[in-house]
Amino acid sequence: MQNLWPSDLGSSKLNLPKNILIQQGKFLEEMTKNVITVEIKSTQSASNDIIHRVNILAPALGNYSFGLLTMSHKISLYPLTIIDEVNLEKHFVEDEPDLLNSLASIFNSQPVKNALNSLIAQSS
């Protein structure tokens, strides 16, 4: 019997949305010397979407946490949706550059900066 599967399966070097979230979490943890940590939980919705929930944690405050954002996408990755849980906004993302711009917008928003600075101050 002949193998009918594609020979180049798994050779793509996609920069997965979850990996982008993981790397950004590592950056925040390094910047704050782990005063703030990031937790990413991935699940599957009833409609088979992949859901990534990003929580910010303050270990010195008994692991106090708040939801930063929730990202959802189909198996094809893009387009995807981000729910900004701090600013109460929804972002519709078409591709990786759009994802990076949306994340930068969320991370640099004044309410997110205020929340992070408050956790840092209370954790010191």
Side-chain angles (χ1 to χ4, degrees):
M1 169 75 55
Q2 178 183 359
N3 182 350
L4 303 177
W5 294 102
S7 62
D8 62 348
L9 201 60
S11 63
S12 177
K13 301 294 182 207
L14 294 175
N15 199 6
L16 301 174
K18 182 177 181 180
N19 290 345
I20 292 171
L21 293 174
I22 291 168
Q23 187 58 57
Q24 291 304 311
K26 288 179 183 177
F27 288 147
L28 181 61
E29 291 170 352
E30 288 172 12
M31 290 173 63
T32 66
K33 296 179 176 45
N34 290 320
V35 169
I36 294 174
T37 61
V38 177
E39 172 186 68
I40 301 169
K41 293 183 177 181
S42 298
T43 59
Q44 180 179 349
S45 73
S47 60
N48 287 328
D49 287 352
I50 298 169
I51 310 290
H52 307 295
R53 180 169 169 79
V54 179
N55 296 312
I56 302 295
L57 293 99
L61 300 175
N63 274 335
Y64 172 85
S65 71
F66 71 89
L68 177 64
L69 62 86
T70 301
M71 178 188 297
S72 64
H73 59 81
K74 302 284 184 200
I75 195 73
S76 60
L77 305 179
Y78 295 99
L80 60 80
T81 303
I82 300 173
I83 306 287
D84 175 347
E85 297 179 25
V86 176
N87 295 292
L88 304 177
E89 297 175 346
K90 189 179 273 192
H91 298 252
F92 298 100
V93 175
E94 294 297 324
D95 53 24
E96 185 177 329
D98 197 15
L99 172 58
L100 297 176
N101 287 334
S102 292
L103 291 175
S105 173
I106 294 166
F107 297 165
N108 286 281
S109 71
Q110 197 59 52
V112 170
K113 290 193 294 188
N114 290 346
L116 296 176
N117 281 323
S118 177
L119 287 178
I120 292 168
Q122 294 179 64
S123 296
S124 298

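Predicted model, so just to flag it, every value in this text is computed and none were measured.
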Given side chains that start at C-beta, do those of [X] and [Y] come closer than 4.5 Å, heavy atoms only?
X    : Y    : result
V38  : F27  : no
L80  : I50  : no
I106 : H91  : yes
V112 : I56  : no
L68  : F107 : yes
T37  : P59  : yes

Rounded to the nearest 0.5 Å, how far apart are [atom1] of [X] and [atom2] of [Y]?
X   : Y    : atom1 : atom2 : value
T43 : R53  : OG1   : CZ    : 10.0 Å
S42 : I22  : OG    : CD1   : 7.5 Å
I20 : L99  : CD1   : CG    : 4.5 Å
L57 : E29  : CG    : CD    : 9.0 Å
K33 : S123 : NZ    : OG    : 14.5 Å

Identify the residue among K18, K41, H73 that makes a side chain to side chain donor-acceptor pair (under 3.5 Å) with H52.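 The passing option is H73.
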Decide yes or no on side-chain contact (heavy atoms from CB on, under 4.5 Å) for V35 and L119, but give the supporting numbers first.
CA-CA 8 Å; V35 169; L119 287 178; over 6 Å; no
- Under 3.5 Å, is there a donor-acceptor pair between the side chain of S102 and the main chain of D98? yes
- Would you say D49's side chain and S45's backbone share a donor-acceptor pair under 3.5 angstrom? no
(message) Salt bridge or not between D84 and K90? Use side-chain N to carboxylate O under 4.0 Å.
(response) no
Under a single-linkage definition using a 4.5 Å side-chain heavy-atom cutoff for Ile, Leu, Val, Met, Phe, Trp and Tyr, are [X] and [Y] assigned to the same hydrophobic cluster?
X    : Y   : answer
L69  : Y64 : yes
I120 : M31 : no
V54  : I51 : no
L21  : L16 : yes
I83  : V86 : no

Pair N87, S109: side-chain N/O donor-acceptor within cut-off below 3.5 Å
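S109 and N87 do have a side-chain donor-acceptor pair below 3.5 Å.
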request  = Could you go through the side-chain contact (heavy atoms from CB on, under 4.5 Å) check for N48 and I75 one step at a time?
outcome  = CA-CA 8 Å; N48 287 328; I75 195 73; over 6 Å; no
### Task
Could you walk me through whether M71 and V93 pass side-chain contact (heavy atoms from CB on, under 4.5 Å), step by step?
CA-CA 10 Å; M71 178 188 297; V93 175; over 6 Å; no
Go through N19 and Q23 one step at a time and tell me if the side chain to side chain donor-acceptor pair (under 3.5 Å) criterion holds. CA-CA 6 Å; N19 290 345; Q23 187 58 57; over 6 Å; no
